[in-house]
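Note sheet for the following structure.
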Amino acid sequence: LEIADGNVDAAELIFKEALGVVPRKDQSRILHAWGELEAERDNVERARVLFLKSVQADVLQGHAYCSWAQLEEGQGNIDKARELFLRGVRAAPQSAHLLHAWAHMEAVQGEAESSRALLKECLKVSPGNVKALDVWGKLEKAEGNAEESDKIFKRMEKAKARRNSAATA
């Protein structure tokens, strides 16, 4: 709530207080959220430290690896981002979020084959993952594979329809 209201100093104080009362094994999510705040504030070094502490508190925390990798990607540290995505996927192999984010980075980097492989893995974990299907459809379109792109976008529309009907049921 403090973050949403723009009270970042108050949010930081709450994070610090929470770390003082929450058991160490449960601190990963707090450290991750705080790292996200610092990344948004362009406090890159502080965000890195908080993401590191988050994954040290819970090595299975896939979202922290993802946020950290995306931070490094944004800083132009693509090899470091790949390393972090890989560590995250090893720690949380069923994380569609991690796989999708990594695939997106690879697509942006022009690594179509790597992106495809990651998207296929993501869709094994989460068959109707609309975000992954969107990235894949755009990738195929950019690669000049119009027929494949159309097929993937149709699959994405079906996944959206299933998601929407499930939400209204």
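Note that the structure is predicted; figures quoted are calculated from it, not measured.
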Should Gln109 and Arg82 count as side-chain neighbours, where that means a heavy-atom distance under 4.5 Å?
yes

Closest heavy-atom pair, Cys66 versus Ala101, reported as atoms and distance to 0.1 Å, is SG-CB, 3.5 Å

What's the verdict on salt bridge (Lys or Arg N to Asp or Glu O under 4.0 Å) for Lys154 and Glu157, showing C-alpha distance, side-chain angles and the deciding distance?
CA-CA 5 Å; Lys154 285 178 186 169; Glu157 291 306 318; over 6 Å; no

Which pair of heavy atoms, one from Gly137 and one from Ile152, lies closest together, and at what distance?
N-CG2, 3.6 Å

Would the distance check show the side chain of Ser149 and the main-chain N or O of Glu140 forming a donor-acceptor pair, the cut-off being under 3.5 Å?
no

Decide whether Leu37 and Val22 are clustered together by the hydrophobic rule: side chain heavy atoms of Ile, Leu, Val, Met, Phe, Trp, Tyr closer than 4.5 Å, transitively.
yes

Would you compute the distance between atom CD1 of Ile30 and atom CG of Leu50 and round it to the nearest 0.5 angstrom?
11.5 Å

Can Glu36 and Ser67 be counted as having a side-chain donor-acceptor contact under 3.5 angstrom?
yes

Which residue in the set Met105, His100, His104 passes side-chain contact (heavy atoms from CB on, under 4.5 Å) when paired with Trp102?
Met105

Please tell me whether Trp68 and Val44 are part of a single hydrophobic cluster in this structure, the criterion being side-chain heavy atoms less than 4.5 Å apart.
yes

Do Val135 and Val130 share a hydrophobic cluster (ILVMFWY, side-chain heavy atoms under 4.5 Å, transitive)?
yes

So, are Glu83 and Arg87 salt-bridged, with charged N and O less than 4.0 Å apart?
yes

Applying side chain to side chain contact (heavy atoms under 4.5 Å, CB included) to Gln70 and Phe85, what does each step give before you reach the verdict?
CA-CA 9 Å; Gln70 289 174 319; Phe85 277 126; 4.1 Å; yes

Ile78 CD1 to Glu111 CD distance, which is reported to the nearest 0.5 Å:
10.0 Å

Are any non-hydrogen side-chain atoms of Leu118 and Cys122 less than 4.5 angstrom apart?
no

How long is the gap from CG on Leu31 to CG on Asp58, to the nearest 0.5 Å?
10.5 Å

Under a 4.5 Å cut-off applied to non-hydrogen side-chain atoms, are Asn77 and Glu73 in contact?
no

Between Glu72 and Lys80, is the closest basic N to carboxylate O distance under 4.0 Å?
no

Within a strict 4.5 Å, meaning less than it, do heavy atoms of the Leu133 and Phe153 side chains meet?
no

Is it the case that one hydrophobic cluster holds both Leu139 and Val108, taking links as side-chain heavy atoms less than 4.5 Å apart, direct or via other members?
no

Do Lys53 and Arg48 touch side chain to side chain, with heavy atoms closer than 4.5 Å?
no

Who passes salt bridge (Lys or Arg N to Asp or Glu O under 4.0 Å) against Lys141, sequence neighbours left out?
none

Return yes if some donor-acceptor pair links the side-chain N/O of Gln61 with the main-chain N/O of His63 below 3.5 Å, else return no.
yes

Value rounded to 0.5 Å, distance of CZ in Arg155 from NZ in Lys160
14.5 Å

Under the 3.5 angstrom rule, does the side chain of Ser28 hit a backbone N or O of Ser54 as a donor-acceptor pair?
yes

Minimum-distance pair of heavy atoms, taken over all atoms of Leu99 and Pro93
CD1-O, 4.1 Å

Hydrophobic cluster membership, Tyr65 vs Leu71, 4.5 Å side-chain cutoff
yes

In chain order, what residues pass the ring pair (Phe, Tyr, Trp, His ring centres under 6.0 Å) check against Trp34, with sequence neighbours excluded?
Phe15

Which distance, rounded to the nearest 0.5 Å, do you find between the CG of Asp150 and the CD of Glu147?
8.0 Å

Counting only N and O atoms by type, is there a donor-acceptor contact under 3.5 Å from the side chain of Gln27 to the main-chain atoms of Leu19?
yes

Do Glu38 and Phe51 make a side-chain contact, defined as non-hydrogen atoms from C-beta onward lying under 4.5 Å apart?
no

Should the heavy atoms of other residues, nucleotides or ligands under 6.0 Å from CZ of Arg29 be counted, would the total exceed 12?
no

Which heavy atom of Asn129 sits nearest to which heavy atom of Ala96, and what is that distance?
ND2-CB, 3.6 Å

